[in-house]
Amino acid sequence: LVLEAAPSWRGEPPQSARLTLHAILDDAAALAGLGPGGSLHAALVRVPPAWAALGLQVVSAPTWRLGLMAVRTDRGLTSRKTVRQAVALALNPGRIRPALGQWAVPHAGWLPPGAWAARDAGPLPFDPVRARRLLAQVAPADPTLTLLASDQVSGPEAASIADAVRVSLGAVGFRVRVRLEAPDAAASAARQGTAELT
């Protein structure tokens, strides 16, 4: 889907009185329309390509796509609410944010920032001192958790995010084993519940 319209900020009159939508199935053709002499003003493409060669840069890429960390609650160490609270409080946004790169931002709400009905959820509830205290209350003999991550071909690098989670949880006393799997294998393993964190 491509949007054709002129910007009207700073009080300047729009270049066009109409908004024209074109369905262009080929991302390359849509990007070509953005180039010099092209007729397009905006393009919504499926996957951001390597745009540096075209002289383009992603400044902002809003999306409805959400990534969540799921915690297994039916058995094992994470079946205890205190442990789940410790995990949530241990996630360090200072480590997670750089691991996401320009693809995403950590957000404590259920909807992406800027989405209709989204509320400002505030910062992530990062409190490593309280997380250590909660983990000490449980005093597990083995504080090892398995983190299952899907190695997607596009989007943030799963290994970097998994490492940021591992280091964050390690700082409060958890030991985290990371299992990086291909998308199909990760989805199958997640359905089978083979890891405490996914």
Side-chain angles (χ1 to χ4, degrees), residues 48 58-152 154-183 185-198:
V58 176
V59 176
S60 175
T63 179
W64 280 91
R65 196 167 161 200
L66 298 173
L68 304 172
M69 186 170 81
V71 181
R72 183 173 185 144
T73 61
D74 63 334
R75 67 172 186 258
L77 187 58
T78 51
S79 66
R80 302 184 73 165
K81 181 179 178 181
T82 305
V83 171
R84 296 192 303 272
Q85 289 173 326
V87 167
L89 292 169
L91 294 175
N92 184 347
R95 290 195 178 277
I96 305 239
R97 191 173 289 111
L100 294 170
Q102 294 183 349
W103 286 89
V105 293
H107 184 59
W110 291 103
L111 292 173
W116 177 83
R119 289 183 302 185
D120 181 14
L124 294 179
F126 177 56
D127 188 345
V129 173
R130 187 164 168 234
R132 273 189 221 96
R133 205 169 27 239
L134 288 169
L135 187 59
Q137 285 177 15
V138 178
D142 181 14
T144 301
L145 300 173
T146 300
L147 170 61
L148 173 66
S150 172
D151 191 12
Q152 298 285 346
S154 66
E157 185 185 339
S160 296
I161 298 171
D163 194 53
V165 171
R166 181 188 63 77
V167 172
S168 293
L169 297 181
V172 301
F174 288 105
R175 283 195 303 270
V176 179
R177 289 188 304 249
V178 175
R179 278 182 53 201
L180 201 59
E181 302 278 357
S188 175
R191 282 192 297 272
Q192 294 169 14
T194 62
E196 289 83 14
L197 307 173
T198 303

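This chain uses plain numbering: 1 for the first residue, then up along the sequence.
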Peer 1: Closest heavy-atom contact between L77 and L145?
Peer 2: CD2-CD2, 3.8 Å
Peer 1: Does T198 have any side chain to side chain donor-acceptor pair (under 3.5 Å) partners at least two apart in sequence or in another chain, and if so, which?
Peer 2: none
Peer 1: Specify the closest pair of heavy atoms between L135 and A86, including all atoms of both residues, with the distance to one decimal.
Peer 2: N-CB, 4.3 Å
Peer 1: Which distance, rounded to the nearest 0.5 Å, do you find between the CD1 of I96 and the CZ of F126?
Peer 2: 9.5 Å
Peer 1: Can you name the closest pair of heavy atoms from A190 and L148 and give their distance?
Peer 2: N-CD2, 3.6 Å
Peer 1: Which residues pass the side chain to side chain contact (heavy atoms under 4.5 Å, CB included) test with P125, sequence neighbours left out?
Peer 2: L89
Peer 1: Tell me, please, which residues at least two apart from T194 pass side chain to side chain donor-acceptor pair (under 3.5 Å).
Peer 2: R179
Peer 1: Measure the spacing between CD of E181 and CG of D151 and express it to the nearest 0.5 Å.
Peer 2: 9.5 Å
Peer 1: Applying salt bridge (charged side-chain N to carboxylate O under 4.0 Å, His left out) as the test, list every pair that has at least one member in residues 186-198; sequence neighbours left out.
Peer 2: none
Peer 1: Test: salt bridge (charged side-chain N to carboxylate O under 4.0 Å, His left out). Region: residues 76-101. Which pairs qualify, not counting sequence neighbours?
Peer 2: none
Peer 1: As an exercise, state the distance from CG of L169 to CG of L91, rounded to the nearest 0.5 Å.
Peer 2: 5.5 Å
Peer 1: Who passes side chain to side chain contact (heavy atoms under 4.5 Å, CB included) against A182, sequence neighbours left out?
Peer 2: none
Peer 1: Are any side-chain N or O atoms of S168 and backbone N or O atoms of N92, one a donor and one an acceptor, separated by less than 3.5 Å?
Peer 2: yes
Peer 1: Suppose we screen for side chain to side chain donor-acceptor pair (under 3.5 Å). Which residues come up paired with S150, at least two apart in sequence or across chains?
Peer 2: Q152
Peer 1: Sequence neighbours left out, what passes side chain to side chain contact (heavy atoms under 4.5 Å, CB included) with S79? Give chain and number order.
Peer 2: none
Peer 1: Please, which pairs that meet side-chain hydrogen bond (donor to acceptor under 3.5 Å, both in side chains) have at least one residue in residues 124-133, sequence neighbours excluded?
Peer 2: none
Peer 1: What salt bridge (charged side-chain N to carboxylate O under 4.0 Å, His left out) pairs are there with at least one residue in residues 162-172, not counting sequence neighbours?
Peer 2: D163-R166
Peer 1: Report yes if the side chains of L100 and I161 come closer than 4.5 Å at any heavy-atom pair, otherwise no.
Peer 2: yes
Peer 1: Mind checking salt bridge (Lys or Arg N to Asp or Glu O under 4.0 Å) for R175 and listing every partner two or more places apart, or none if nothing turns up?
Peer 2: D142
Peer 1: Restricting to non-hydrogen atoms, name the atom on A186 and the atom on A149 that form the minimum distance, rounded to 0.1 Å.
Peer 2: CB-O, 4.2 Å
